[in-house]
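See below for the structure under consideration.
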Protein chains: 2
Amino acid sequence: MTNKGQILRLLNYKNLLKHLQTLGFKKVFSDNISDTLEISSSLVRKDFGNFGITGNRKGGYDIDSILAKIDEILGKDEIQKVIVVGTGRIGQALMNYQGFIKEGIQIVAGFDNDFSKVSEGEDIPILHLDKLPEFVKEKNIKIAIMCVPQLVAKHTLDMLANSGVGGVLNFTPIKFQSSNEVTVNNINIVHELENLIYIVNKQKTT
Amino acid sequence: MTNKGQILRLLNYKNLLKHLQTLGFKKVFSDNISDTLEISSSLVRKDFGNFGITGNRKGGYDIDSILAKIDEILGKDEIQKVIVVGTGRIGQALMNYQGFIKEGIQIVAGFDNDFSKVSEGEDIPILHLDKLPEFVKEKNIKIAIMCVPQLVAKHTLDMLANSGVGGVLNFTPIKFQSSNEVTVNNINIVHELENLIYIVNKQKTT
DNA sequence: ATGTTAATGTTAGTTATTTCACATATTTAT
DNA sequence: ATAAATATGTGAAATAACTAACATTAACAT
Ligand SMILES: NC(=O)c1ccc[n+]([C@@H]2O[C@H](COP(=O)([O-])OP(=O)(O)OC[C@H]3O[C@@H](n4cnc5c(N)ncnc54)[C@H](O)[C@@H]3O)[C@@H](O)[C@H]2O)c1
Ligand SMILES: NC(=O)c1ccc[n+]([C@@H]2O[C@H](COP(=O)([O-])OP(=O)(O)OC[C@H]3O[C@@H](n4cnc5c(N)ncnc54)[C@H](O)[C@@H]3O)[C@@H](O)[C@H]2O)c1
């Protein structure tokens with residue numbers, strides 16, 4: 001019933017609705033949403049139906065209650081604690097990104113094997129890798145963002161899984177499969193670019 | 001015939017095959033590939049068929065020729081010049097990333113509206129935003145990576161499109177639709193994380 | 001030479017995802 | 001009250017994506 005891209009779609013609904021909310025709108029129709037997101041209005045209604053979001057046969061949907069419901073579905077009642085493993089260029093960019101906290105995601109620490117990167121006193125401390133397993137267990141961390149060099153990616157993933165992390169957002173170019181212990185979502189920026197380049201070049205020749 | 005995720009799958013094949021190549025393998029069977037990527041072997045064969053990659057009824061596929069063919073499909077004969085717009089945390093991480101060039105992607109310049117970020121002398125210069133349109137036209141830039149604050153994202157995208165850029169990889173949280181002039185691929189890291197969190201939390205309760 | 005085996009290439013079938021279409025409910029107008 | 005209008009909610013239909021199955025072909029063994 002609930003399918004692969006549906007949560008990502010729900011997040012898009014959320015963004016749009018929050019925007020409409022700031023513009024002062026109180027209610028919304030399925031085809032307002034579908035128009036801007038370029039999907040069909042029936043898909044919007046079906047998604048809403050699947051998640052128990054309900055509207056009024058004429059008056060459309062109440063924005064406040066959709067948003068409340070989406071947050072409920074996503075489990076936004078508690079702040080999600082996340083760690084960053086590998087505090088190089090991209091790891092640090094993510095650690096310092098201000099966009100997470102307003103979505104209820106808190107980066108609580110970074111980890112690196114390079115002692116020169118360690119700085120325990122900071123707002124968001126960078127700790128040595130050795131302290132990771134204990135930290136994860138003690139603070140009950142479930143989610144990690146992995147930004148280590150690809151050579152150590154497999155080893156790092158195993159370590160995270162063994163420490164009790166249940167989900168890893170993987171920025172290394174190696175595509176990992178999810179296992180029973182750990183769900184891996186891969187972001188391959190190079191591939192995204194190559195894909196884009198392909199589309200653009202293709203259009204040129206058509 | 002050619003469907004949405006197919007190019008991304010082709011890139012995954014490429015990565016795997018290059019790996020096998022370094023291990024000394026000369027040929028490969030469709031189910032070697034399908035096993036590690038957790039898809040069916042018939043999908044591999046179908047993809048190959050669609051792209052004119054052909055094997056031998058017994059001996060499988062020749063790795064070198066698949067790789068050559070994939071590069072041909074992707075148009076890897078010439079280096080792709082790419083610019084980065086918005087050279088903040090994530091923009092600079094991308095600008096300095098060493099992983100692009102070996103895939104034939106060259107970051108040729110960054111652009112920012114903050115004069116204190118401008119540094120024209122560097123290996124990869126950071127130029128002021130004002131110079132972007134001219135630069136894009138002169139150097140025939142087709143692809144841009146957009147890492148500006150979300151407030152200026154729409155304006156920046158319009159400017160890129162007007163300057164002649166045909167494809168934008170968008171890191172801002174605003175989801176843009178592609179138009180006739182410009183193809184936009186959106187990477188929303190927050191959404192990827194939220195999606196992962198949802199999956200992990202869901203599993204816990206099941 | 002002939003049979004056996006092992007892989008591709010391709011068609012048919014299955015599953016997943018999205019859209020269509022319309023009955024149903026609710027508001028608004030008369 | 002009744003009718004008209006309008007948007008939801010939902011089963012059926014369509015489309016897209018993937019997999020199973022197998023006929024075909026090439027290599028190898030006997
Ligand atoms: N920078 C980018 O724009 C970019 C883009 C796409 C993918 N990536 C991928 O992200 C990863 C990180 O890239 P980067 O550019 O930030 O590299 P980087 O070299 O700047 O950072 C890597 C960090 O990992 C640390 N590290 C090394 N071994 C470690 C270990 N065993 N455990 C923990 N930390 C360890 C290093 O000390 C360093 O701080 C790479 O796999 C890269 O391919 C980066
Ligand atoms: N940092 C991350 O980890 C991260 C993660 C996900 C998404 N993003 C998104 O990426 C974008 C950039 O994030 P960041 O953390 O690098 O922010 P940042 O503030 O570090 O960098 C933004 C840069 O854009 C420049 N800029 C401002 N206006 C500009 C304009 N009109 N034209 C060109 N440049 C301009 C600024 O001078 C600055 O250098 C944001 O939209 C953010 O939401 C960032």
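Not measured: the values here are computed from a predicted model. Protein chains get the first letters and strands the later ones, always in sequence-line order, with residue 1 at the start of each.
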I would like to know whether B:Tyr61 and B:Lys69 meet side chain to side chain contact (heavy atoms under 4.5 Å, CB included); could you show each step before the answer?
CA-CA 12 Å; B:Tyr61 299 88; B:Lys69 191 83 192 180; over 6 Å; no
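Of the possible polar contacts, one joining the A:Gln98 side chain to the A:Asn96 backbone as a donor-acceptor pair under 3.5 Å is found.
Put simply, the side chain of B:Thr87 reaches to within 4.5 Å of the side chain of B:Met95, judged on heavy atoms. Under the 4.5 Å side-chain criterion, counting only non-hydrogen atoms from C-beta, A:Leu132 is in contact with A:Ser163. Looking at heavy atoms from C-beta onward, A:Leu11 lies in side-chain contact with A:Leu8 at the 4.5 angstrom threshold.
At the phosphate of D:dT8, OP1 or OP2 sits under 4.0 Å from a side-chain N or O atom of A:Ser30. In this structure, B:Thr54 reaches the C:dG9 phosphate: one of its side-chain N or O atoms is under 4.0 Å from OP1 or OP2.
To the nearest angstrom, P of C:dT17 lies 11 Å from CG of A:Asn50. Nucleotide D:dG9 holds its P atom 15 Å from the CZ atom of A:Phe51, rounded to whole Å. In this structure, A:Leu43 places its CG atom 13 Å from C1' of C:dA16, rounding to the nearest Å. With rounding to whole Å, A:Asp35 atom CG is found 12 Å from D:dA7 atom P. Per the geometry, CG belonging to B:Asp62 stands 16 Å off P belonging to C:dA7, to the nearest Å. Going from atom CZ of A:Phe29 over to atom C1' of D:dT8 covers 11 Å, rounded to whole Å. Rounded to whole Å, atom C1' of C:dT15 lies 16 Å from atom CD1 of B:Ile39. The separation between A:Asp47 atom CG and D:dG9 atom C1' is 13 Å, rounded to whole Å.
When the nearest nucleotides of DNA chain C are assigned to A:Glu38 and B:Tyr61 by heavy-atom distance, the more 5′-ward of the two goes with B:Tyr61.
Closest non-hydrogen pair, A:Ala153 versus A:Ile174, comes out as CB-CD1, 4.2 Å.
Nucleic acid contact class of A:Ser41 (heavy atoms, under 4.0 Å, all strands): none. Among the atoms of the strands shown, none is found under 4.0 Å from any heavy atom of A:Gly49.
In summary, A:Lys18 and A:Glu103 engage in a salt bridge, as defined by a charged side-chain N under 4.0 Å from a carboxylate O.
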What string of B, S and - do you get for nucleotides 20-30 of chain D, 5' to 3', when a contact is any protein heavy atom under 4.0 Å?
BB-BBBBB---
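A heavy-atom distance below 4.0 Å to DNA chain C is reached by these residues of residues 3-21 of chain A, ordered by number: A:Asn3, A:Lys4, A:Arg9.
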Report all side-chain donor-acceptor pairs from residues 41-54 of chain A shorter than 3.5 Å, counting only partners two or more places apart or in another chain.
from, atom 1, to, atom 2, distance (Å)
A:Ser41, OG, A:Arg45, NH1, 3.2
A:Ser42, OG, A:Ser40, OG, 3.2
A:Arg45, NH1, A:Ser30, OG, 3.1
A:Asp47, OD1, A:Gln6, NE2, 2.8
A:Asp47, OD1, A:Arg9, NH2, 3.0
A:Asp47, OD2, A:Arg9, NE, 2.7
A:Asp47, OD2, A:Arg9, NH2, 3.3
A:Asp47, OD2, A:Tyr13, OH, 2.5
A:Asn50, OD1, A:Gln6, NE2, 3.1

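A donor atom on one side chain and an acceptor atom on the other are found under 3.5 Å apart for A:Gln21 and A:Asp64.
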